[in-house]
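Convention: sequence-line order gives letters A, B, ...; per-chain numbering from 1. We use all heavy atoms of the structure for the numbers below, so side chains are in, but hydrogens, waters and symmetry mates are not.
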Number of protein chains: 2
Amino acid sequence: MNPATANIEEAILSAILAGRINPGTRLGEQKLADLFGVSRTRVREAMMRLETRGVVQVSARRGWYVVEPSAEEAREAFQTRRVIETGLLHALREVPPQVLKSLKEHVAMERDAIGAGDVHSRACLLGDFHIHLADALGNRMLTEIIRDLTARTTLISMLYQPTEKAEESSHDHEDIVAAMEAGDLALAARLMDEHIGKVEAGLDLTAKPDPLAGLRALLSPAAFAGNAPSVPHTHDHPQDHSHPHSHGHPATKED
Amino acid sequence: MNPATANIEEAILSAILAGRINPGTRLGEQKLADLFGVSRTRVREAMMRLETRGVVQVSARRGWYVVEPSAEEAREAFQTRRVIETGLLHALREVPPQVLKSLKEHVAMERDAIGAGDVHSRACLLGDFHIHLADALGNRMLTEIIRDLTARTTLISMLYQPTEKAEESSHDHEDIVAAMEAGDLALAARLMDEHIGKVEAGLDLTAKPDPLAGLRALLSPAAFAGNAPSVPHTHDHPQDHSHPHSHGHPATKED
DNA sequence: GCTTACAGGCTTGTATACAAGTTTGTCGCC
DNA sequence: GGCGACAAACTTGTATACAAGCCTGTAAGC
């Protein structure tokens, strides 16, 4: 592959993993071309590659956008991660000491970042843990898959995560590594399953499907089918689903 | 995505899955463009997408080639499949009757194709089983991943599989479905693990890394380590390592 | 005869020009 | 003042032209 193209691809992907690009961000071809000092052709290449990897999308003649996974896609992504990562731990017969050491160091770094309140690297490290774990098998294919998947879940967290429970996540990671060290990989797999479940449960999948949600809620909090409002207001309105007839009722501006 | 591009991509991928395109096949841009009635631009798009999916590769200014996975990559691919597919079965709490029915029908089709000696559709169906299984979870992401993976293992089988044990594979599938029907998903996962292991064990990973292998063995059965020269150019001596001074000297010609 | 050098053809790599569509800003009309 | 139509700017979509490299066939030199 062309190195320049690979660079662009990698730069954008790692920026997403690091939480430095928000979901929904527009990525103009010309802008990126100028930024990287290449022609649009290359940028398009990189974008199309990223599209097949599921991290950007093109909107015809409007531009490339970082994906904003729907609630459904979010569920799929977490389920996929659960399948793969527990499967990985089950497949692992023994953990090489070197890997164990590396993972322990990683968890230590997580704790440090949390202690220091370094929000930026914190999120990055929490996602990176899973990628490091995939390295344990030494399987590049699997690592790549998990990397792409982690990018998506990172974006999902940005969209749907009301409160970040970094300490808890890091603690989970610690427990998983401990189980691995004890050689109890079945336990590690179970813990991983629970961990991913917890992260998923911590999401508010009823909220923020689009940037207009908050605005829309402000204007008419009543009954817009499908997408729920999501400003800091309380939203968990058990909401009788979708009144097709009564659209646009700006009446109740409750709480 | 552009529909035309998607078509090309899909056409090539499914042709690979069906075993109708051999590993190492050259896919010329212009030729494909003519075939599909589009311009090279579109073909390049499709090719680059397929490259990120791991089924084709580009050789600079020579053309696009269907990948010929190395022994190492073959091992990785099977390991990845094992991780994902057993993980999938473990994650499956219960099997919807509809899915079970569909899988049973699929296995029946496998048996029919084997009985009829239809080599062509046989291989296709055997790979398709796993894709169908992924559908069981109703997770498109996972299905896509397994599809790409299956494409690779199909190519691997074409390269390294000395004898195809279609009956055995189909039998394994049958047992897996039976375990699923009995609700014993842990057993199904174990059977799947063994099944993939058997298929992998049935490969001859020491052979056929390239089409010249046979030829090379014929000419010098002794010990060629690296790549063979396509022209009769004198090269590295495997015995005494590389004489840096004697370059371009056609002295020893017994190789 | 064997090797090497070279030229021609063929294929991909890359940039650019233009086409087509979207968004936004502005003006005129009611 | 509000609404709608129009126009201009901007963005991607697509094709094409040309550059650059690889492979092969041929001929000259040792």
Side-chain angles (χ1 to χ4, degrees), chain A residues 1-9 12 21 24-52 55-68 210-212 215 219 248, chain B residues 1-9 12 21 24-52 55-68 210-212 215 219 227-236 243 246-255:
Chain A
M1 187 193 323
N2 194 309
T5 303
N7 280 348
I8 300 174
E9 205 179 333
I12 290 177
I21 298 186
T25 303
R26 194 176 104 89
L27 302 170
E29 289 185 5
Q30 191 60 56
K31 215 160 245 173
L32 289 175
D34 295 343
L35 190 65
F36 287 95
V38 299
S39 84
R40 266 183 60 211
T41 309
R42 295 275 186 76
V43 173
R44 273 180 78 77
E45 260 188 45
M47 285 301 160
M48 285 187 298
R49 288 191 140 97
L50 287 174
E51 191 183 28
T52 74
V55 297
V56 305
Q57 262 179 330
V58 65
S59 176
R61 274 168 234 273
R62 282 175 18 87
W64 297 86
Y65 293 85
V66 177
V67 294
E68 297 181 279
D210 67 353
L212 294 166
L215 199 41
L219 296 172
Chain B
M1 185 193 323
N2 192 309
T5 303
N7 279 348
I8 300 174
E9 205 180 334
I12 290 176
I21 299 185
T25 302
R26 195 176 104 90
L27 302 169
E29 288 184 6
Q30 192 59 56
K31 216 160 244 173
L32 289 176
D34 295 343
L35 190 63
F36 286 95
V38 299
S39 83
R40 266 183 59 210
T41 309
R42 295 274 186 77
V43 174
R44 273 181 78 76
E45 261 188 44
M47 286 300 156
M48 285 187 298
R49 289 192 140 100
L50 287 173
E51 191 182 27
T52 74
V55 297
V56 306
Q57 261 179 331
V58 65
S59 176
R61 274 167 236 273
R62 281 175 19 86
W64 298 85
Y65 293 85
V66 176
V67 293
E68 298 181 278
D210 67 353
L212 294 166
L215 200 42
L219 295 172
N227 314 344
S230 51
V231 271
H233 212 301
T234 82
H235 248 262
D236 48 19
H243 290 201
S246 73
H247 55 79
H249 253 284
T252 57
K253 208 239 154 181
E254 82 270 26
D255 49 316

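- Considering only heavy atoms from C-beta on, A:Met47 comes within 4.5 Å of A:Ile12 through its side chain.
- Computed from coordinates, the B:Asn2 CG to C:dG21 C1' distance equals 15 Å when rounded to whole Å.
- Each of B:Thr41 and B:Ser59 was matched to the nucleotide of DNA chain C holding its nearest heavy atom; the match closer to the 5' end belongs to B:Ser59.
- Looking at heavy-atom distances under 4.0 Å, A:Ser39 makes contact with sugar-phosphate atoms alone, never a base.
- Remark: P of C:dT11 and CD of B:Gln30 are 8 Å apart, rounded to the nearest angstrom.
- The shortest side-chain heavy-atom distance between B:Leu27 and B:Thr25 falls under the 4.5 Å cut-off.
- Protein atom CG of B:Asp34 is 14 Å distant from nucleotide atom P of C:dC10, rounded to whole Å.
- Protein chain A contacts DNA chain D over a range whose 5' and 3' limits, counting nucleotides with an atom under 4.0 angstrom from a non-hydrogen atom, are D:dT11 to D:dT14.
- Within the nucleic acid shown, A:Arg40 comes within 4.0 Å of at least one base atom, counting heavy atoms only.
- If you measure from atom CZ of B:Arg61 to atom C1' of C:dT12, you get 6 Å, rounded to the nearest angstrom.
- Following rounding to the nearest Å, B:Arg44 (CZ) and C:dT12 (P) show an atom-to-atom distance of 8 Å.
- Atoms CE (B:Met47) and C1' (C:dT12) sit 13 Å apart, rounded to a whole Å.
- To the nearest angstrom, P of C:dT11 lies 11 Å from CD of B:Glu29.
- Between the CZ atom in A:Arg42 and the CD1 atom in A:Ile8 there is a gap of 7.5 Å [rounded to 0.5 Å].
- The minimum heavy-atom distance between B:Tyr65 and B:Ser59, with the atom names listed, is CE1-CB, 4.0 Å.
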Name the atoms and distances for all side-chain donor-acceptor pairs under 3.5 Å in residues 28-38 of chain A, with sequence neighbours left out.
{"residue": "A:Glu29", "atom": "OE1", "partner": "A:Arg40", "partner atom": "NE", "Å": "2.8"}
{"residue": "A:Glu29", "atom": "OE1", "partner": "A:Arg40", "partner atom": "NH2", "Å": "3.1"}
{"residue": "A:Glu29", "atom": "OE2", "partner": "A:Arg44", "partner atom": "NH1", "Å": "2.7"}
{"residue": "A:Glu29", "atom": "OE2", "partner": "A:Trp64", "partner atom": "NE1", "Å": "2.9"}
{"residue": "A:Gln30", "atom": "NE2", "partner": "A:Asp34", "partner atom": "OD1", "Å": "3.1"}

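- Taken to the nearest 0.5 Å, the CE atom of B:Met48 stands 11.0 Å off from the CD atom of B:Glu9.
- Both A:Arg62 and B:Ala60 lie close to DNA chain C; mapped to their nearest nucleotides by heavy-atom distance, the more 5′-ward contact belongs to B:Ala60.
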